[in-house]
2 protein chains.
Amino acid sequence: MTTTTVRKPKPRPTISDVARLAGVSISTVSRVLNDTAPVSEDVEQRVRNAVEMLNFTPHAAARNLAVRKTYTVGLLLPEVGNNFFAPLLRGVENAVRSSEYQLLVHASLRTPDDAPWRRTPVGEHNTDGMLVFVGSVEEEDLLRAHQRDFPMVLLFFRGPSSVNIPWVGFDNRTGLCQAVEHLVTVHQRRRIVYLRGPVGNADSEERESAFCETLERLGAPILPELFARGNYSAQGGEIAIQELLARSIDFDAVFTGDDESATGVMAALRRAGRRIPEDVALVGFDDLPFSAHLNPPLTTVRAPIERAGFSAANKLLSILAGETPEVATRLPVELVIRQSCGCVRQ
Amino acid sequence: MTTTTVRKPKPRPTISDVARLAGVSISTVSRVLNDTAPVSEDVEQRVRNAVEMLNFTPHAAARNLAVRKTYTVGLLLPEVGNNFFAPLLRGVENAVRSSEYQLLVHASLRTPDDAPWRRTPVGEHNTDGMLVFVGSVEEEDLLRAHQRDFPMVLLFFRGPSSVNIPWVGFDNRTGLCQAVEHLVTVHQRRRIVYLRGPVGNADSEERESAFCETLERLGAPILPELFARGNYSAQGGEIAIQELLARSIDFDAVFTGDDESATGVMAALRRAGRRIPEDVALVGFDDLPFSAHLNPPLTTVRAPIERAGFSAANKLLSILAGETPEVATRLPVELVIRQSCGCVRQ
DNA sequence: CGCTATTATGAAAGCGCTTTCAGCAACCAC
DNA sequence: GTGGTTGCTGAAAGCGCTTTCATAATAGCG
């Protein structure tokens with residue numbers, strides 16, 4: 001093994017190199033690059049040529065330092081790689097791309113033993129604003145940033161009730177009501193498992209309470225043993241159902257807080273020989289791209305995830321532009337009936 | 001509409017503020033923060049207190065400028081939101097997270113009319129190195145960066161043949177051979193549609209040639225009318241098959257270059273009343289998380305996408321550490337037999 | 001006890017840019 | 001011709017950090 005000598009990249013040309021080559025001052029170069037002041041035809045051409053020749057590209061950090069902006073927005077995710085993030089990211093990207101900002105993505109499996117600014121590798125020190133996904137930031141850090149007026153918008157949760165941070169989320173209630181109602185009134189299911197999301201997930205809790213209310217409204221029983229905990233992953237769903245099965249708890253339907261879990265639920269059910277939807281009906285939430293192609297096609301509540309990302313990013317950008325957008329954005333969801341609930345293909 | 005007044009965030013404390021409060025020089029503050037030189041117990045404590053009190057966080061841009069590093073690696077994607085990216089991103093994130101680097105993600109729908117450094121919003125000017133996904137960067141830009149010794153590793157393609165840029169990809173051939181062989185020898189399929197990926201996609205082309213070779217080796221006919229073009233999206237697959245169907249081209253199997261397309265193929269086939277696998281067998285490539293749950297479960301070539309991301313990121317990090325890793329990494333793939341090929345569940 | 005190592009600290013010079021400010025022509029009207 | 005514009009340009013002061021380099025204070029040693 002060789003000693004790890006530090007690689008020495010060829011030195012990048014700087015604005016001074018350009019200035020020298022063009023025979024002007026660096027101020028002038030800056031001016032033509034940014035078009036911040038009139039420059040004579042002749043000089044402009046010389047500068048442009050020099051830039052071309054040296055293949056010059058301004059050093060972002062230096063520029064950021066001088067203008068006191070990073071031109072970067074951060075996207076903080078609790079973990080990355082969930083299928084849910086694909087459309088979300090697409091939405092965010094679309095919004096950010098058409099602005100002058102860039103996107104720093106970070107999945108924050110925090111390492112609390114680190115120095116504070118290493119603990120949150122994207123934050124006030126390297127972005128102009130942040131998109132914060134539920135569960136990716138400690139409440140304390142959130143408050144601190146907010147106190148500093150640091151622009152943020154929250155994804156799928158509202159911040160601590162003491163403050164008023166802009167956020168975007170789904171209108172969980174209506175979609176959920178429809179889904180449960182469908183299960184209860186159309187398919188006569190009474191023993192519906194509710195598969196929660198991760199602890200502390202706002203959406204999940206909201207959905208749960210809507211779930212209970214709907215059950216109540218319809219006169220269906222609320223059975224505590226039918227509440228299971230997943231974590232918005234296929235594996236989580238699989239394990240939760242396996243456990244229910246192992247405890248021989250009787251149920252005729254499962255409502256999962258997300259489609260990802262639904263695939264796990266399907267796997268567990270299938271392995272146990274339970275037919276979907278005959279033995280147990282299944283309804284998900286999100287309508288991920290693959291949901292329509294599951295076996296059977298998944299009945300689910302469609303959540304406009306990409307739109308949420310787009311909307312959140314735009315909200316952040318508008319804050320950065322000095323505007324004050326609506327604090328809350330709730331995107332409508334809609335029940336998509338396929339076959340896992342017991343409906344048959346028309 | 002109000003005039004867009006620029007938001008005035010509260011001024012962040014700087015290292016000077018800390019120094020003043022602690023009654024030391026900024027050099028000393030820097031030293032305790034970075035642990036670059038011994039500092040007396042007493043002073044260190046005073047500095048730490050001051051940092052705590054002011055809630056100080058070093059400004060990344062300034063630091064980057066001073067140390068001439070950005071501590072950021074870029075991930076350039078051709079477009080974002082593909083399900084393929086979820087595991088990829090997870091792998092990259094995992095590798096990057098355990099280093100001192102951060103991750104800048106950019107989906108490069110390039111806007112060629114922009115200034116050059118705005119055209120590539122992540123590049124030499126704001127990262128120390130880049131992970132380049134196939135199709136996300138012009139060859140010309142790639143060469144230029146490489147000429148400057150800019151650390152890069154390519155994902156799923158090798159660069160221009162004139163240079164030798166590190167890359168990681170899949171061992172497409174073996175997986176594909178197995179798949180085709182399975183289709184031909186086990187299921188007696190002879191008229192296999194090959195659904196290509198996007199134009200210029202190296203993996204796709206490699207798979208195509210392996211496809212032809214295998215066919216030849218097995219003595220099966222190579223039928224030009226059975227080559228269709230998709231774009232690694234569900235919609236692309238759907239359209240391609242619809243078109244084949246419309247032209248009444250006869251086929252008894254479809255091999256898609258990716259699972260995403262496979263879902264589209266399924267949709268098109270189903271709509272046309274063709275049964276899978278009875279009428280047409282279907283084999284994909286990638287084995288995305290949902291593939292096992294499709295209807296029918298998809299037989300596919302499993303590609304270790306997450307591992308590819310992890311491996312590529314690590315390769316880049318090792319370059320940044322001054323080492324010189326293997327240029328090429330080919331990850332093995334493996335045929336996963338489920339039911340869309342015609343096999344029955346055991 | 002004088003003289004050299006050693007250690008902790010501060011001053012100051014950058015890093016590569018932007019931006020203010022002042023200067024210098026050339027121009028205009030009177 | 002003056003005085004005042006106007007238009008272009010360069011010098012220089014930052015932006016908030018790191019990192020020499022110098023210096024003062026302390027320790028080590030014969």
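We use all heavy atoms of the structure for the numbers below, so side chains are in, but hydrogens, waters and symmetry mates are not. Reminder, nothing fancy here: chain letters follow the sequence lines and each chain counts from 1.
A distance-only check finds no donor-acceptor pair linking the side chain of B:R90 to the backbone of B:E306 [under 3.5 Å]. Between the side chain of A:S318 and the main chain of A:E323, no donor-acceptor pair closer than 3.5 Å is present. A donor-acceptor distance shorter than 3.5 angstrom exists from the side chain of A:T72 to the backbone of A:T70, with no hydrogens or angles considered.
Along DNA chain D, the nucleotide nearest to A:E44 and the one nearest to A:I26 differ in position, and the one closer to the 5' end is contacted by A:E44. Between A:H59 and B:V39, the residue whose closest nucleotide on DNA chain C is further toward the 5' end is B:V39. Nearer the 5' end of DNA chain C, as judged by each residue's closest nucleotide, is the contact made by B:D42, out of B:D42 and B:A66.
At the heavy-atom level, B:T14 lies under 4.0 Å from the strands shown only through sugar-phosphate atoms.
Checking the phosphate oxygens (OP1, OP2) of C:dT9, no side-chain nitrogen or oxygen of B:S25 falls inside 4.0 Å. The phosphate of C:dT18 has OP1 or OP2 within less than 4.0 Å of a side-chain N or O from A:N34. Residue B:S40 has a polar side-chain atom (N or O) positioned under 4.0 Å from OP1 or OP2 of C:dT9.
In this structure, B:F157 has its ring center at least 6.0 angstrom away from the ring center of B:F133.
The NZ atom of A:K69 sits 17 Å away from the C1' atom of C:dT19 (whole-angstrom rounding). A straight line from OH of A:Y71 to C1' of C:dC17 spans 13 Å, rounded to a whole angstrom. Distance, A:R12 CZ to C:dG16 C1': 9 Å, rounded to whole Å. Atom CG of A:L65 and atom P of D:dT18 are 12 Å apart (whole Å). A straight line from CZ of B:R31 to P of C:dT9 spans 8 Å, rounded to a whole angstrom. One atom, CG of A:N126, and another, P of D:dC15, lie 21 Å apart when rounded to the nearest Å. Rounding to whole angstrom units, CD of residue A:E124 and C1' of D:dC17 are separated by 17 Å. Put simply, CG on B:D17 is 11 Å from P on D:dC15, counting in whole angstrom units.
At a cut-off of 3.5 angstrom, the base of C:dA8 holds no donor-acceptor pair with the side chain of B:T28.
Which of C:dC17, D:dC17, C:dT20 sits closest to the side chain of A:F56 comes down to C:dC17. Comparing C:dT18, D:dA11, D:dT18 by their nearest atom to the side chain of B:S30 picks out D:dT18. Residue B:R68 places its side chain closer to C:dC15 than to any other of D:dG10, C:dC15, C:dT18. Out of D:dC8, C:dG10, D:dG16, the shortest distance to the side chain of B:V24 is found at C:dG10. Residue B:V67 places its side chain closer to D:dT19 than to any other of D:dC17, D:dT19, C:dC17.
The minimum heavy-atom distance linking B:V18 with B:V29 is given by the pair CG1-CG1, 3.8 Å.
In summary, the side chains of A:N126 and B:Q102 do present a donor paired with an acceptor at a separation below 3.5 Å, with no hydrogens or angles considered.
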